[in-house]
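So the structure is just underneath, and the comments pick up after that.
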Amino acid sequence: MTRPAHRGMTEQAAERQQLTYRGFLAELLMAECDDRDRRRSERRIRAAGFPREKWLTDFDYDANPAINPATINTLATCAWVRAGQPLCLIGDSGNGKSHLLIALGAAAAMAGHRVRYTLAAKLVNELVEAADEKILTKTIARYGRVDLLCIDELGYMELDRRGAELLFQVLTEREETNSVAIASNDSFSGWTKTFTDPRLCAAIVDRLTFGGNIIETGSDSYCLAHTRAARVTA
């Protein structure tokens, strides 16, 4: 009479052991998946070509009161990237534009999107060289394939007509399909100093604002205030 009971206990122990083993395998598989996702995210971050690490969690909203945290949190969901919408960060130097541009780009890369960062002048120079070497179509297509193209320091340098036209081709390639995010130290009305052809300037502004997000980061330099404060405490 005791043997069936003993066998039942053995079966229960085996079942518990089997469940424990399955749980261990499940945890191992989840850890492997998490590690694989992490490595993929790191590769996408490296491929983006960001000049330095910047994260949204490090952004100081108290020092940049012109920027609404709720707006940035909404952008961090990357819905605008999935929708192919543009983003413009407009404001004077030193008030967080590049930080937000890089951090939002990093958030998009972490979310699985292909991202590329470049300076405006560098992009234009690359396009001019590509045109001279007869590989412009290939170069524009390469920039057209990424899900998010981040262009920093637009407006710092005047572009000749050829450079502006080549940049316009890149923006047209991506229009309403893949997102472009730009950071500029000048308002749209001041872009005539960068794009000297008024009609071309208007067309570029239209490409970068239609159905997009515009964030004005203000005119007070956080970097300058931080430097002054550091000098006073020193």
Side-chain angles (χ1 to χ4, degrees), residues 48-52 54 64 66-67 75 80-81 84-105 115-133 135-137 139-144 146 148-224:
F50 298 120
R52 52 199 173 276
K54 295 290 183 181
N64 298 269
I67 299 171
L75 292 172
W80 62 285
V81 178
Q85 297 173 347
L87 168 66
C88 297
L89 298 161
I90 308 294
D92 287 347
S93 299
N95 52 23
K97 297 186 308 299
S98 291
H99 186 137
L100 290 174
L101 182 69
I102 294 171
L104 287 169
V115 182
R116 183 68 185 271
Y117 170 96
T118 183
L119 298 176
K122 182 179 179 181
L123 173 59
V124 170
N125 289 337
E126 183 179 350
L127 293 171
V128 170
E129 291 177 4
D132 292 340
E133 296 172 4
I135 56 171
L136 180 61
T137 300
T139 303
I140 290 178
R142 175 160 50 83
Y143 278 105
V146 297
L148 172 61
L149 176 61
C150 300
I151 304 176
D152 206 352
E153 298 186 1
L154 184 64
Y156 281 78
M157 296 180 62
E158 179 181 320
L159 302 177
D160 60 22
R161 182 178 179 83
R162 185 188 186 199
E165 288 177 344
L166 292 174
L167 178 59
F168 179 71
Q169 289 186 48
V170 171
L171 299 179
T172 299
E173 178 78 9
R174 303 181 59 80
E175 186 181 16
E176 297 187 46
T177 304
N178 295 322
S179 292
V180 176
I182 66 100
S184 175
N185 67 323
D186 212 343
S187 62
F188 295 120
S189 61
W191 281 20
T192 52
K193 299 191 293 291
T194 301
F195 307 103
T196 53
D197 184 316
R199 294 180 62 185
L200 185 57
C201 179
I204 289 174
V205 171
D206 181 69
R207 292 290 188 276
L208 290 172
T209 57
F210 180 74
N213 306 274
I214 301 173
I215 297 177
E216 296 183 0
T217 59
S219 58
D220 296 329
S221 173
Y222 161 72
C223 293
L224 180 59

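For the pair K97 (side chain) and D92 (backbone), a donor-acceptor distance under 3.5 Å is present. Remark: the backbone N or O of G96 is not paired with any side-chain donor or acceptor of T217 at under 3.5 angstrom. The main-chain N or O of G155 is never found under 3.5 Å from a side-chain atom of K193 such that the two would form a donor-acceptor pair. No side-chain donor-acceptor contact under 3.5 Å links D206 to the backbone of A202. Of the possible polar contacts, one joining the R174 side chain to the Y143 backbone as a donor-acceptor pair under 3.5 Å is found. In this structure a side-chain-to-backbone donor-acceptor pair under 3.5 Å is missing from S189 to S187. Side-chain atoms of S179 come within 3.5 Å of backbone atoms of W80 as a donor-acceptor pair (strictly under, hydrogens ignored). Without hydrogens or angle criteria, R116 side chain to L149 main chain gives no donor-acceptor distance under 3.5 Å.
Counting heavy atoms from C-beta on, the side chains of L166 and V124 never come closer than 4.5 Å. In this structure, L148 and Y117 have side chains that are not in contact, with every pair of non-hydrogen atoms separated by 4.5 Å or more. Using a 4.5 Å heavy-atom cutoff, the side chains of E153 and N185 are not in contact. With contacts defined as side-chain heavy-atom distances shorter than 4.5 Å, the pair V115/F50 qualifies. Side chains of C201 and F188 form no contact here, defined as non-hydrogen atoms less than 4.5 Å apart. At a threshold of 4.5 Å between non-hydrogen side-chain atoms, the residues P51 and L119 do not count as touching. Looking at L136 and Q169, their side chains come closer than 4.5 Å, going by heavy atoms from C-beta outward. Residues I90 and I215 form no side-chain contact, since every pair of their non-hydrogen atoms from C-beta on lies 4.5 Å or further apart.
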### Message
One pair to check against side-chain contact (heavy atoms from CB on, under 4.5 Å): L87 and L75. What are the steps and the verdict?
### Response
CA-CA 9 Å; L87 168 66; L75 292 172; 4.1 Å; yes
### Task
Start with the C-alpha gap between L154 and L167, add the side-chain angles, then the distance that decides, and say whether side-chain contact (heavy atoms from CB on, under 4.5 Å) holds.
CA-CA 11 Å; L154 184 64; L167 178 59; 4.2 Å; yes
### Task
Would you sort out whether N95 and I67 count as a side-chain contact (heavy atoms from CB on, under 4.5 Å), showing the intermediate values?
CA-CA 10 Å; N95 52 23; I67 299 171; over 6 Å; no
#### Entry: Verdict with supporting geometry, T194 and Y156, side chain to side chain donor-acceptor pair (under 3.5 Å)
CA-CA 8 Å; T194 301; Y156 281 78; over 6 Å; no
### Task
Given side-chain contact (heavy atoms from CB on, under 4.5 Å), test V146 with N178 step by step and report yes or no.
CA-CA 7 Å; V146 297; N178 295 322; over 6 Å; no
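With rounding to the nearest 0.5 angstrom, the CD atom of E175 is 4.0 Å from the CZ atom of R207. Atom CG of L127 is separated from atom CD1 of I135 by 10.0 Å, given to the nearest 0.5 angstrom. Between C88 atom SG and L208 atom CG the span is 5.0 Å, to the nearest 0.5 Å. The CD atom of E173 lies 9.0 Å from the OG1 atom of T137; values are rounded to the nearest 0.5 Å.
For R142 and E126, the salt-bridge test passes: some basic side-chain N is under 4.0 Å from an acidic carboxylate O. Under the 4.0 Å criterion applied to side-chain N and carboxylate O atoms, K122 and D152 are not assigned as salt-bridge partners.
Taking both residues in full, the closest heavy atoms of C150 and G105 are given as SG-CA, 4.2 Å, listed atom of the first, atom of the second, then distance. Between L159 and A164, the closest heavy-atom pair is CB-N, 4.3 Å. Shortest non-hydrogen contact noted between T196 and P198 is O-CD, 3.3 Å.
Annotation: R199, atom CZ; neighbour count of heavy atoms from other residues, nucleotides and ligands within 6.0 Å does not exceed 12. Counting non-hydrogen atoms of other residues, nucleotides and ligands closer than 6.0 Å to CZ of F210 gives a total of 12 or fewer.
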